[in-house]
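For reference, the structure discussed in these notes is given below.
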2 protein chains.
Amino acid sequence: MAIEQSKSDISRTRILDAAAKTFRQKGYAATTLNEIAKAADMQAGSLYYHFNSKDELLEEVLDIGINRVHEAVEESQENMPADAPPYERIRAAVDAHLTTLLKHGDYTSANISIFTQIPEEIRQRQIPKRDAFSALWRRILSRAQKAGALRDDVDPGMVRMLLLGALNWSVEWYKPGKTSIHAMADHVCLMLLEGIGADEARRGTAADKEKVA
Amino acid sequence: MAIEQSKSDISRTRILDAAAKTFRQKGYAATTLNEIAKAADMQAGSLYYHFNSKDELLEEVLDIGINRVHEAVEESQENMPADAPPYERIRAAVDAHLTTLLKHGDYTSANISIFTQIPEEIRQRQIPKRDAFSALWRRILSRAQKAGALRDDVDPGMVRMLLLGALNWSVEWYKPGKTSIHAMADHVCLMLLEGIGADEARRGTAADKEKVA
DNA sequence: GTTATTTTCTAATGTTCATTAGATTATTGG
DNA sequence: CCAATAATCTAATGAACATTAGAAAATAAC
């Protein structure tokens, strides 16, 4: 047994995959254990050999989802040379976040899209995990700011929320094929750092501001 | 009867408000007619005098949600002088979008957050309405581009999806009090048009690019 | 104020679903 | 091969819920 993996482990994973996929598509309440079981080639009752309740299954899916994206973004920073330019660090983080979300994404997507609709008790337990992930992003942006790479007239907290919003929302519209995830990450960073305004527009804006002042 | 408003109309509105609020919080499947009825000071059975089914109620909530934000953004453009600078047009649109979402937002928020989890048939009927709204934003950005206000190395479609993502996601985190919605709209536009990178960072980035090339 | 109409309530009905208990089948260790 | 354990299945239970039908209450018309 080179790879320690009992039959139970295999079934468990199959169930979790099926659950993540179904929760993501239909939401928590609308997903029946029958659907999950069918997608995992089982009968509904058999799920209880592996999980004590629908809620426990949900919670494990959510945990996997947040952990994966957290770990991916964290590793993207650890794998970076200490003297990497701030721009590259941010780009690596955006890339890792998007890749986790869009490529192997049922768990993370499920976490994002059904979060507001799960039982209160479970949601409460998820909040600290989300906060920890949020803090990771805060550190990444704060480091860039200390390195002098960010303007000082933008609110870092709002930047973070808006950026994570733009990234997380991609699960609602991204379809593979057209644009690669890496290209998308590049694009996001370009927009984020340099803006989408033409140079003339920037001057125009500045002029407007003076006019008002 | 200056304001034509029968008792029926009043109840109907009360039910719709309650439904929007509850759908938004709990999701579609997890919301029971009992909850909606209680929030509207009624018994569950009484809802059927006004609506034929839970689905019909849902669909009306969704319609109101998309219509409100669509109309708000549309009016923001119509109320603008023909020679208004592109930056101001975009800012007005962002402001209108955010205000609708966050201020009187149960309907629009419900539409956004439960969309993926509603019955297939209803979702199909919502899609064209979403497309129409998306097209409105496409026109706004395309107009700015024709006016030479946008860089030509960004993909307008992706800009739109990322911007709408950042805006829509705000329903998940925005709490009134701290920052005003108008200030937030300004901030979004600043970031969007000018970017968050410091000037040195921009130069640094450009240098990196040359180094690679 | 009495009647007709509108609106709401009460009390079923039937369905769907999570969960359970016990039977059945597969897998593993000797 | 044979037991012992693990994994899955089958069928039943009970609760929650959308929906309905008919009674009751409120409102409007005259």
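Order of the sequence lines fixes the chain letters, A, B, ..., with proteins taken first and strands second; residue numbering starts at 1 for each chain. Predicted model only: the values in this text are computed from it and were never measured.
- For B/Gln43, taking side-chain heavy atoms from C-beta onward, the closest of the listed nucleotides D/dC9, C/dT8, C/dC9 is C/dC9.
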Q | Heavy-atom protein contacts under 4.0 Å, nucleotides 16-21 of chain D, coded B base, S sugar-phosphate only, - none | A | -SSBB-

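- Spacing between atom CG of B/Asp9 and atom C1' of D/dT27 amounts to 15 Å, rounded to whole angstrom units.
- Side-chain nitrogen and oxygen atoms of A/His50 include at least one within less than 4.0 Å of the OP1 or OP2 phosphate oxygen of D/dT8.
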Q. What's the verdict on side chain to side chain contact (heavy atoms under 4.5 Å, CB included) for B/Phe115 and B/Ile127, showing C-alpha distance, side-chain angles and the deciding distance?
A. CA-CA 10 Å; B/Phe115 183 75; B/Ile127 290 179; 4.2 Å; yes

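- Atom CD1 in A/Ile15 sits about 11 Å away from atom P in D/dA7, given to the nearest Å.
- When all heavy atoms are compared, the tightest approach of B/Ser76 to B/Ala93 is OG-CA, 3.7 Å.
- If you take CE of A/Met42 and P of D/dA6, they are 16 Å apart, rounded to a whole angstrom.
- Counting to the nearest Å, the C1' atom of C/dT19 and the OH atom of A/Tyr49 are 18 Å from each other.
- Around NZ of B/Lys54, the count of heavy atoms belonging to other residues, nucleotides or ligands within 6.0 Å exceeds 12.
- Remark: A/His70 engages A/Phe133 in a ring-ring contact (aromatic ring centres under 6.0 Å, His included) (not counting sequence neighbours).
- Between A/Ser11 and D/dA7 there is no side-chain polar atom (N or O) within less than 4.0 angstrom of OP1 or OP2.
- Applying the salt bridge (charged side-chain N to carboxylate O under 4.0 Å, His left out) test to residues at least two apart or on different chains, the pairs with a partner in residues 100-119 of chain B are B/Arg24-B/Asp106.
- The two residues A/Met161 and B/Trp169 make their nearest non-hydrogen contact at O-CD1, 4.2 Å.
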